[in-house]
Amino acid sequence: MDTVKPWDKDLLAKQSMQPVPDFFENFYDEHIYFSKEASSGGQSVGGGGCGCN
Amino acid sequence: MQLKYIKKELGVATCALLQVPAAAVHSSDADWDIDTAVLFYSESDNGVSAFEPAIYAGKDLGDGERIDLRLVVDVLTGATPNGAHPSSVAQTFTTPSGGSTYTTQPGETPRDDSFKDTRVAAGVDWTLPLNRLQRIKLGLNGSTEYDYQSLGISATYLQDFNNRNTTLSAGLAFNNDTISPVGGVPTPLSNMREAGTGTNRVGGDDTKTLTDFILGITQVMSRKTLVQLNYSLGMYDGYLTDPYKIITVVDQNGLPATSAFTNGDLPYIYEKRPDSRQINSLYFKTVHHLTRDVINFSYRYFWDDWGITSNTFDLKYRYEIGRGYLQPQVRYYLQDAADFYVHNLKLGDPLPETASSDYRLAKMTTTTLSLKYGHAVGENSEWSIRAGFMNQSVDDGDVLAGTETPDTDAIIVNAGYSFFW
């Protein structure tokens with residue numbers, strides 16, 4: 001594991017390198033699978049409730 | 001193609017983590033960062049359809065303070081499985097209101113076609129810096145639909161160290177939800193009644209509380225690799241049953257035991273789930289930059305005290321093409337059944353304490369394939385569209401031929417447009 005200096009973080013700063021690069025893509029996936037499967041969560045807390053499951 | 005800004009609540013954390021100068025990632029502190037999106041979801045065989053427009057707006061308030069707002073409308077139509085299984089005979093059910101009936105033909109999946117709902121959900125997150133390396137994010141969420149209301153609060157603490165190559169996070173969320181089922185809350189494990197003969201109900205509404213914790217670490221492994229590991233714990237109490245789901249009581253021939261019940265009782269009983277649940281998950285994610293393309297992979301192991309375990313794999317490959325990109329995605333989910341899941345109940349057997357034949361609690365898999373295309377417009381906006389196909393397949397085990405749970409197939413299309421305003 002390297003200690004990456006601030007000036008070497010150009011690639012890591014890209015939108016595509018964020019853990020969730022597209023908020024709504026992730027949001028829709030979470031919502032669909034929450035309503036169609038018995039498992040949910042893992043990424044964050046505080047997403048709100050739903051009567052779909 | 002790469003936008004020159006970072007957004008969304010996770011972006012806030014990661015921006016600080018990566019120690020990127022603010023000027024490099026935000027066009028202007030005065031701008032609102034806006035995302036608009038719409039989802040279309042449609043199941044085959046006249047199943048559930050959803051139309052879900054949404055908008056997000058986020059803004060830096062200066063000195064690391066930020067506000068994020070969300071509004072989502074969810075319009076649902078179609079027919080949803082009622083929990084009973086296909087049979088070689090026609091099956092007649094009573095709608096949740098108790099006032100009318102619907103009939104399922106032999107071999108068809110019983111679905112309640114009176115299902116229709118519109119949900120409106122809103123949320124706000126407020127990120128506050130405590131000092132140069134510490135911040136806290138406070139959240140408020142609320143949603144309302146015809147038969148369900150939810151109100152929640154959350155708080156997440158984030159701490160950077162190791163030259164901002166490491167971020168630790170600890171979060172807590174609390175939700176209080178109220179369900180007011182159409183026709184009232186069914187008496188658990190009581191019979192569905194013939195239309196117009198009264199209903200077995202214990203009340204008009206019920207509640208549940210949901211408490212979630214999360215502990216996580218995000219680590220920069222190298223100039224091109226980021227990893228994240230989270231442990232989550234959820235404790236849910238109250239009415240966790242689905243008031244619209246029933247279980248078929250079958251005779252020795254495996255057919256609905258219609259003749260065994262009299263006085264308006266039908267051979268279907270309302271499900272009952274435990275009134276508490278503890279869920280756990282370990283979630284791992286890595287994002288890796290190749291020469292130009294990016295791989296985003298996640299894995300989740302989930303377990304709970306209902307006997308459910310699951311494994312979820314999600315892989316996205318972002319292939320850069322000029323100012324656009326193509327992103328294929330594969331998601332595979334494998335779940336074991338809940339301890340109280342039953343395919344049906346046998347006439348004459350004692351009633352269990354808890355039981356459900358909701359296929360979402362069965363042993364099953366979900367496989368999703370999708371393809372996304374995104375394209376940058378100017379310096380600070382982007383549009384994208386994703387189309388996918390989802391298949392859910394239940395492993396019923398050794399059950400009577402013709403009563404197996406059919407696959408659920410669905411198409412998923414979502415489009416988005418992001419810009420500064």
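The contact between D212(B) and chain A is made by backbone and side chain atoms together, counting heavy-atom distances below 4.5 Å. With a 4.5 angstrom heavy-atom cutoff, Q392(B) touches chain A only via side-chain atoms. Looking at Q329(B), only its side chain comes within 4.5 Å of chain A, counting heavy atoms on both sides. With a 4.5 Å cut-off on non-hydrogen atoms, K224(B) touches chain A through its backbone and its side chain both. Neither the backbone nor the side chain of Y231(B) has a heavy atom closer than 4.5 Å to any heavy atom of chain A. Neither the backbone nor the side chain of L215(B) comes within less than 4.5 Å of any heavy atom of chain A. For C52(A), the part lying under 4.5 angstrom from a heavy atom of chain B is the backbone only. Of the two parts of R223(B), the backbone and the side chain both hold a non-hydrogen atom closer than 4.5 Å to a non-hydrogen atom of chain A. Only the side chain of D74(B) comes within contact range of chain A, with at least one heavy atom under 4.5 Å from a heavy atom of that chain. Heavy atoms closer than 4.5 Å to chain A are found nowhere in V227(B), neither backbone nor side chain. For L172(B), the part lying under 4.5 angstrom from a heavy atom of chain A is the backbone only. Looking at I179(B), neither its backbone nor its side chain comes within 4.5 Å of chain A, counting heavy atoms on both sides. If you measure heavy-atom distances from A54(B) to chain A, the contacts under 4.5 Å come from both the backbone and the side chain. Proximity to chain A involves both the backbone and the side chain of S222(B), based on heavy atoms less than 4.5 angstrom apart.
Looking at S384(B) and D22(A), their side chains come closer than 4.5 Å, going by heavy atoms from C-beta outward. Side-chain contact between D29(A) and T368(B): absent, with no pair of heavy atoms (C-beta onward) separated by less than 4.5 Å. Contact check for T366(B) versus E37(A): side-chain heavy atoms found under the 4.5 Å cut-off. Taking the side chain as every heavy atom from C-beta outward, S232(B) and V45(A) never approach each other to under 4.5 Å. With contacts defined as side-chain heavy-atom distances shorter than 4.5 Å, the pair K36(A)/Y41(B) qualifies. Residues V294(B) and M17(A) form a side-chain contact, since some pair of their non-hydrogen atoms from C-beta on lies under 4.5 Å apart.
Interface check for chain A: of the options Q149(B), K285(B), E52(B), the most heavy-atom pairs under 4.5 Å are formed by E52(B). Contact count against chain A (heavy-atom pairs under 4.5 Å) is highest for N230(B) among T156(B), N230(B), T36(B). Interface remark: of the candidates D147(B), L151(B), L39(B), L39(B) forms the most heavy-atom pairs closer than 4.5 Å to chain A. Contact count against chain A (heavy-atom pairs under 4.5 Å) is highest for V38(B) among V38(B), L240(B), L76(B). Between chain A and the options H288(B), M364(B), R331(B), heavy-atom pairs under 4.5 Å are most frequent for R331(B).
Contact record, I32(A) with M390(B): CG2-SD, 4.3 Å, taken as the closest heavy-atom pair. Scanning both residues, N296(B) and P21(A), for their nearest heavy atoms gives ND2-CD, 3.8 Å. Across K14(A) and H289(B), no two heavy atoms sit closer than the pair NZ-NE2, 3.0 Å. Taking each heavy atom of P19(A) and V287(B) in turn, the nearest pair found is CA-CG2, 4.1 Å. Nearest heavy atom pair, residue A38(A) against residue I308(B), reads CB-CD1, 3.6 Å. Nearest heavy-atom pair, G49(A) versus R119(B), reported as atom, atom and distance to 0.1 Å: O-NH2, 2.7 Å.
Taking CG of D304(B) as the start and OG of S39(A) as the end, the distance is 7.5 Å to the nearest 0.5 Å. Atoms OG and CZ, from S16(A) and R292(B) in turn, are 11.0 Å apart once rounded to the nearest 0.5 Å. Here the straight-line distance linking atom CD of Q18(A) with atom CG of L226(B) works out to 7.5 Å at 0.5 Å rounding. The CD atom of E25(A) sits 7.0 Å away from the OG atom of S370(B) when rounded to the nearest 0.5 Å.
A donor-acceptor pair under 3.5 Å links the side-chain atoms of E145(B) to the main chain of G51(A), judged by distance alone. For the pair N165(B) (side chain) and V4(A) (backbone), a donor-acceptor distance under 3.5 Å is present. With hydrogens and angles ignored, the 3.5 Å screen pairs no side-chain donor or acceptor of S150(B) with any backbone N or O of C50(A).
Using a 30° and 60° split on the angle between ring planes, Y56(B) and F24(A) fall in the perpendicular class, above 60°.
Two rings, from Y33(A) and Y333(B), have their centers 6.0 Å or more apart.
No more than 12 heavy atoms of other residues, nucleotides or ligands lie within 6.0 Å of OH in Y146(B), so this atom counts as exposed by the packing criterion.
With Y28(A) as the aromatic partner, R386(B) does not meet the cation-pi criteria of under 6.0 angstrom to the ring centre and within 45 degrees of the ring axis.
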